[in-house]
Undergrad: 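Structure below; questions to follow.
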Number of protein chains: 2
Amino acid sequence: MTDSQPMAAFRLHIAKKGLRHTKQREEILSALFSSKKHVTAEELFDILRSKVAGIGYATVQRNLNLLRECGLAEEVKIGNQKARYEPKRGKEHHDHLICLKCGRFIEVNDPRLEKLQDGLAKANGFAPLRHKLEIYGTCAKCA
Amino acid sequence: MTDSQPMAAFRLHIAKKGLRHTKQREEILSALFSSKKHVTAEELFDILRSKVAGIGYATVQRNLNLLRECGLAEEVKIGNQKARYEPKRGKEHHDHLICLKCGRFIEVNDPRLEKLQDGLAKANGFAPLRHKLEIYGTCAKCA
DNA sequence: CATCATGATGATAATGATTATCATTATCCA
DNA sequence: TGGATAATGATAATCATTATCATCATGATG
Ligand SMILES: [Mn+2]
Ligand SMILES: [Mn+2]
Ligand SMILES: [Zn+2]
Ligand SMILES: [Zn+2]
């Protein structure tokens, strides 16, 4: 069973920090990267219960935070809803079109947008680190 | 004491909905529009305590929601921090550069950005209603 | 102006998401 | 293999926001 790319990165991060490798961590990472949509901790927890007997909700939450810290997961938070997580591969970036009717996330990326944002920041003496663009509206299926 | 423009709009909205005009509502609107930064409900509450004896926290929260509904206030929510509110005059729109060190909000607006976003949405068969762009980084003063 | 139906308020409890705690278990280095 | 200690899982705590409800205030009515 050869490690996937993200799994290797996770192991490396864990080793560097003097943390320990556990079955739970392995399964949480695997489940996140297998998920086809933006999942909540709870949804991930429900998926994992059938794979890892006795796994706890707190462990899922904790490790989603850990994955976020090492750049393998990203959090998407809409208002006061529960946070959703998506796997992050490399340095790729995308923004979201979020349908207010069905809740679907459409992922988009436009280099012109990114460039404009950088220019806007620098014009204000601002050093940008990251950004979040969310466009809310109605998707094609719900129109 | 002649009503300010937003006050008149607020009164109109209240009348249309069959709601009632109260001293608390008047003072909450006034305090919000007098505030020079993006305030939390708690900060507004603290300001209002000295103007309206006995005012309750819940009343401030409730009426910030009401103001939001009628387009006179806008909520800015960062992660799990408490929501911040700013007065909204007309249909103007702006985005935020948010300093991760001092928490300052810099307001920006670029028509090219807005246009690009619209194009991006429509290219995906998406009908945009509103959007939120937040750029996180370090401001000039904190550099 | 007095009445009164009902919306608004204020104190407090409830809710919901996330984090902290802690006894127990599992990891992994010497 | 033993042992220091990180991780887990169950649960409590926290924090922002909302709901509840007794009481008060508004404003339409006559
Ligand atoms: Mn995404
Ligand atoms: Mn603003
Ligand atoms: Zn949709
Ligand atoms: Zn700053």
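Letters go in sequence order (proteins before strands), and every chain restarts at 1. Worth saying up front: this structure is predicted, and the values here are computed from it rather than measured.
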Undergrad: Below the 4.0 Å mark, does C:dG10 have OP1 or OP2 next to a side-chain nitrogen or oxygen of B:Q24?
TA: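 Result: yes.
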Undergrad: Under 4.0 angstrom, heavy atoms only, what part of the nucleic acid is A:A83 near: base, sugar-phosphate, or nothing?
TA: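 Sugar-phosphate only.
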Undergrad: At their closest point, which heavy atom of A:K37 faces which heavy atom of A:E43, and how far apart are they?
TA: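 Result for this residue pair: NZ-OE2, 3.5 Å.
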Undergrad: Assuming nearest nucleotide by heavy-atom distance, tell me which of B:K82 and A:I28 is located more 5' along DNA chain D.
TA: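 It is A:I28, whose closest nucleotide lies nearer the 5' terminus.
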Undergrad: Between D:dT17 atom C1' and B:Y57 atom OH, what is the distance in whole Å?
TA: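 After rounding, the reported distance stands at 8 Å.
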Undergrad: Take atom CD1 of A:I55 and atom P of D:dG9, then tell me their distance rounded to the nearest Å.
TA: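 After rounding, the gap between these two atoms is 6 Å.
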Undergrad: In whole angstrom, give the distance that lies between atom NZ of A:K23 and atom C1' of D:dA6.
TA: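 Those two atoms, NZ and C1', are 19 Å apart.
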Undergrad: Once you round it to whole Å, what is the distance between P of C:dT18 and CZ of A:F45?
TA: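 Taking atom P of C:dT18 as the reference, CZ of A:F45 is at 15 Å.
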Undergrad: Reckon B:K77 has a side-chain N or O less than 4.0 Å from the OP1 or OP2 of D:dT17?
TA: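 B:K77 to D:dT17 OP1/OP2: side-chain N or O found under 4.0 Å.
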Undergrad: Between B:T59 and B:G18, which is nearer to the 5' end of DNA chain C once each is assigned its nearest nucleotide?
TA: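 It is B:G18, whose closest nucleotide lies nearer the 5' terminus.
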Undergrad: How many whole angstroms separate atom CD of B:Q81 from atom P of C:dA17?
TA: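 Taking CD of B:Q81 and P of C:dA17, I get 19 Å after rounding.
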Undergrad: Assign each of B:E75 and B:H21 to its nearest nucleotide of DNA chain D by heavy atoms, then name whichever residue's nucleotide is nearer the 5' end.
TA: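 Mapping each residue to its closest nucleotide by heavy atoms, the 5'-most match is B:E75.
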Undergrad: For a quick test of reading the model: is some side-chain N or O of B:N80 closer than 4.0 Å to OP1 or OP2 of D:dT17?
TA: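 No, because none of the side-chain N or O atoms of B:N80 sits under 4.0 Å from OP1 or OP2 of D:dT17.
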Undergrad: Look at the side chain of A:R20 and the base of D:dT5, then say whether one donor and one acceptor between them are separated by less than 3.5 Å.
TA: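 When only heavy-atom distances are counted, A:R20 does reach the base of D:dT5 through a donor-acceptor pair under 3.5 Å.
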Undergrad: Just how far, in rounded Å, is C1' of C:dT18 from CG of A:L66?
TA: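 Atom-to-atom, A:L66 to C:dT18, this comes out as 16 Å.
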Undergrad: Does B:R25 put a side-chain nitrogen or oxygen below 4.0 Å from OP1 or OP2 of C:dA8?
TA: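 So the side chain of B:R25 is within the cut-off, an N or O lying under 4.0 Å from OP1 or OP2 of C:dA8.
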Undergrad: Grab the CG-P distance between A:N65 and C:dA17 for me, whole Å please.
TA: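 So the two atoms are 16 Å apart, to the nearest Å.
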Undergrad: Measure CG/B:L19 against P/C:dG7 and give the value in whole Å, please.
TA: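 So the two atoms are 9 Å apart, to the nearest Å.
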Undergrad: Give a yes/no on whether any side-chain N or O of B:T22 is located under 4.0 angstrom from OP1 or OP2 of C:dG7.
TA: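 No, outside the criterion.
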Undergrad: Give the intermediate values and the outcome of side-chain contact (heavy atoms from CB on, under 4.5 Å) for residues B:L66 and B:R25.
TA: CA-CA 10 Å; B:L66 179 62; B:R25 285 189 167 147; 3.7 Å; yes
Undergrad: Indicate the atoms forming the closest heavy-atom contact of A:L72 with A:P6, along with that distance.
TA: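 Distance-wise, the nearest heavy atoms are CD1-O, 3.8 Å.
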Undergrad: Got a second to check how far B:Q61's CD is from B:F45's CZ, nearest 0.5 Å?
TA: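 The distance works out to 10.5 Å.
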Undergrad: Ignoring hydrogens, what is the shortest heavy-atom contact between B:H96 and B:V108? Give both atom names and the distance.
TA: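 For B:H96 versus B:V108, the nearest heavy atoms are N-CG2, 4.5 Å.
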